[in-house]
Protein chains: 2
Amino acid sequence: MRVTIKEIANALGVSPSTVSRALNNVPGVTEEVRNRVRRLAREMGYKPSAAARSLVTKRTGNIGLFIPRGLSFVMTNPFFAEVMEGIVGVLDGDGYNYVFCSSPRQYRKLFVTNMVDGMILFALRLGDPYIDELESSDVPAVVVGSYIESLGIPAVRPDDSGGTFQAVSHLIRQGHTRIGLLNGPLSSYKSRGCLQGYRSAFLEHGIEEDDSLLLCGEFVMDWGLEGARRLMGMKNPPTAVMCANDLIAQGVYRYAFETGLRIPEDLSVVGFGDFPVASYMTPPLTTVHTPLREMGARAASLLRALMQGEGAGTTNIVFPVRLVERQSTAAKHG
Amino acid sequence: MRVTIKEIANALGVSPSTVSRALNNVPGVTEEVRNRVRRLAREMGYKPSAAARSLVTKRTGNIGLFIPRGLSFVMTNPFFAEVMEGIVGVLDGDGYNYVFCSSPRQYRKLFVTNMVDGMILFALRLGDPYIDELESSDVPAVVVGSYIESLGIPAVRPDDSGGTFQAVSHLIRQGHTRIGLLNGPLSSYKSRGCLQGYRSAFLEHGIEEDDSLLLCGEFVMDWGLEGARRLMGMKNPPTAVMCANDLIAQGVYRYAFETGLRIPEDLSVVGFGDFPVASYMTPPLTTVHTPLREMGARAASLLRALMQGEGAGTTNIVFPVRLVERQSTAAKHG
DNA sequence: CTGAAAGCGCTTACAG
DNA sequence: CTGAAAGCGCTTACAG
C-alpha cells in the first residue's frame, strides 16, 4: 500500500497536521521535528497525493494546452515549439506542468473537469467544437496565434495581414505582378489575415490581382508541394509565390527541385514565420519574421495575471512582424 | 461557487449516490432518473472534480511524458512528433490526457505525486537526474528511443548501430574512405549506437578509420552547421558525412550552401531518422528510415499492458531500420 | 433501483 | 509550536 501522511504521523507519534506542515515548509514547526518528519518520509517512500492536495487547495499546478487541431499538428509545426518556448520561459519558475489532449473527445476534460488552473488555446479556428463551452467555463485562458472576435478571451497573435502586405509589396517592387498565394484554410484567422494583406498590397500598388492565383490548403509541407504544382501548371504561371508559413515554402522548394525550377531565378518564394529552418533551407528563405518567443512570453504573463484574478479584459495583442530578406527572392527577369 | 453532485441531489430530491451513478453511466438507475439528473447537471453547469474522483478511484486518466531534455528539445525534433503520433494512435481510444513537464524541477511531480497512471520516458541519457527514483517509483513506464541497461524499464528503440552500419557501408561501397561522423553526445544511447555502427562498418570493410573524423555535438541543425565547418576545415576533409539524425544533416546542407559545396557531387551526406523533412530537402536526403510511428504504437501497447497489471519484464525491443537512398549521396569522384 | 455511510489523502482554520 | 476536527467532492460497498 501507498504510504500516507497519517502513517508517518503514527510512526513518529505526532499528528498528521504536523507532518503536513513539516513537509510543506509551512512555518509553525520546530526545525527538529521538521527534519525528523522529512527523513522518515523519505525512508518510507512517501509520495504526496496530487489529487488529495488539489481537492482541498483548489489548485492543480497544471496548465492546459487546448489544441483543436490535434497533437501532431502542433508538434509538427515549429510555430508552436517556439511559442511554447516563450511560455515556458516565463511560467517555469511557477512550477507548472502542462497537460494537453490529443483529440476532440478529450478537450472537455481539460476545462470541464477542473484539472487545470489555466489554459493556452492554440490554433483555434472558426467553427471549432466546444468553443462556446470554453468561454462559459471559468478557467482563465488566453489564445495565441489566432483571434476569434466573438470569443471573450484575450488573444496574442502576429500581424498576419501586415506581414503579408510587406512581403507581397516587396515582390511587387521587384517587378513581379503575377504572385501566387499558398494560403492555409479560410477557417484560420491567420489565413484570413494573409489574404487581406495580399489584397491590400495589390490595391496599394494599383495592380489587378488574379484570383486564380489564390489557393487554400493546410499549413504543411505537403500542401506547398501540391499547391506549387497547381500554380505552376497554369497556362500563365506566377513568377513569385507567397506562402502563409515556412512549412508551405518547403513544399514549394521540393516542387522546384523536382522540376528543375531554380529559386529565385525562375521563381521567387517568400515564407511566413521565420522558423529556425528558414535559414537552413537551400537557398535560405526570405520570410516574414514573427516574434514567436515573445508572443509566447506575453501570452504566459497574461495568463498568469488572469490566474491571479486580475482581469485582462478582452485584450487582443498584435505583434509586429518584419520581412527578412534572404536568398529566395529576386527581381523578375526580363 | 462551483456546483457539486450534492447540490444536484438536493435540487432533485435524490441522493448523491444516485447522481453519481446517473452521471457515470453506472447501471442501477432508471432511465428517467438518469435523464433528469443529466439535464439538471447541464443546466446548473456542473463540472466534475477530477481531483475528487481520482482521489477515490486511484486513477488519473493521465499519461506522463518524462522529458529530461526539456520541452523544446522534444518539440523541435520530429523524432518525437512521429513517435507521439504512434502513441496517441493506440492510446487515444482510452481517453487519456498527456502531461509533461518542462524542467528538471518538475520531473518528480510527475511520478512522485501520483498524478499520472503511466509514463513514457523520452530522450533519456546516461546520468540524467532522478532516474533511479524513477525506477523505484511504482508508476508503469516505458522508455522510447534509448535504452539504459541498468534501468529495469522496458524500452523500444530503433537499431541505431545497425542503421549506421548500413549507411556507412553504403558510402564505403561508393568509394568513400574518409567519412565524417557528426554524432550526438556520447551520453545518448543513440549516439553510442551510431558510433558502434560506424566502427563496425570500417572494420567489416577492412578500412582504417580516422578518429579525428568523429565529432560529437547535439541532435540539432546548428550542430550540423558547426560540425561540417570543422570537418571541412581539416587539411584532409572527408568526402562524405554520416549524420546521427536528419536535423544534423540539415545543418550540413547549410554549410554546403554557404560555401558553394555541391551535394552530392562534392560531398555525400546521409541522415538518420527519415523525418518528413528528409524528402523535402534540396537535394532530397539519403537517410536511414526509422519506423517512428510503429515504435510509438508499440511503446503504447506495452504501457497499456503494464498499466493493466501485466508485467512486461525487462523488454528491450529493437526496431529494424533501412537505408533509403535519395539524392544526397554519390560515388566518390576520381 | 436507491440511500446512508464510510472513506480516498490531504490542508487549514480553530483552539490550546 | 502542536493537535483534533472538519471538510474538499466524489465513489462504492453495504443494506434495503
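Residue pairs meeting the salt bridge (charged side-chain N to carboxylate O under 4.0 Å, His left out) criterion with at least one partner in residues 48-66 of chain B, sequence neighbours excluded, are B:Arg59-B:Asp117. Pairs engaging residues 8-17 of chain B under the salt bridge (charged side-chain N to carboxylate O under 4.0 Å, His left out) rule: none recorded [sequence neighbours left out]. Counting only residues at least two apart or on different chains, the salt bridge (charged side-chain N to carboxylate O under 4.0 Å, His left out) pairs with a member in residues 17-35 of chain B are B:Glu31-B:Arg34, B:Glu32-B:Arg36. Among residue pairs with one or both ends in residues 43-52 of chain A, those qualifying as salt bridge (charged side-chain N to carboxylate O under 4.0 Å, His left out) are A:Lys47-B:Asp138; sequence neighbours excluded.
Nucleotides D:dT12 and D:dG16 place their C1' atoms 16 Å apart, quoted to the nearest Å.
Two residues are said to be in side-chain contact when any heavy atoms from C-beta on lie closer than 4.5 Å; A:Val74 and A:Phe100 fail this criterion.
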Show me the donor-acceptor pairs, under 3.5 Å and distance only, between side chains in residues 11-20 of chain A and residues at least two apart or in other chains.
| from | atom 1 | to | atom 2 | distance (Å) |
| --- | --- | --- | --- | --- |
| A:Ser15 | OG | A:Ser17 | N | 3.4 |
| A:Ser15 | OG | A:Thr18 | N | 3.3 |
| A:Ser15 | OG | A:Thr18 | OG1 | 3.2 |
| A:Ser20 | OG | A:Asn24 | ND2 | 3.4 |

Indicate for each nucleotide in nucleotides 8-16 of chain C, in 5' to 3' sequence, whether protein heavy atoms under 4.0 Å reach the base (B), only the sugar-phosphate (S), or nothing (-). BBBBBB---

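Legend: residues meeting side chain to side chain donor-acceptor pair (under 3.5 Å) with A:Arg39, ordered by chain and number and at least two apart, are absent. Residues satisfying the side-chain contact (heavy atoms from CB on, under 4.5 Å) test with A:Pro158, not counting sequence neighbours, are A:Asp160, A:Lys190, A:Thr290, A:Met295, A:Val321. With sequence neighbours excluded, the residues forming a side chain to side chain donor-acceptor pair (under 3.5 Å) with A:Tyr189 are A:Arg157, listed by chain and number. For B:Phe122, the ring pair (Phe, Tyr, Trp, His ring centres under 6.0 Å) test picks out B:Phe80, with sequence neighbours left out.
Near DNA chain D, meaning a heavy atom under 4.0 Å from it, residues 30-44 of chain A has A:Thr30, A:Val33 in order of number.
For the strand DNA chain D, secondary-structure stems (runs of at least three Watson-Crick or G-U pairs, all distances below 3.5 Å) span C:1-3 with D:14-16, C:5-12 with D:5-12, C:14-16 with D:1-3.
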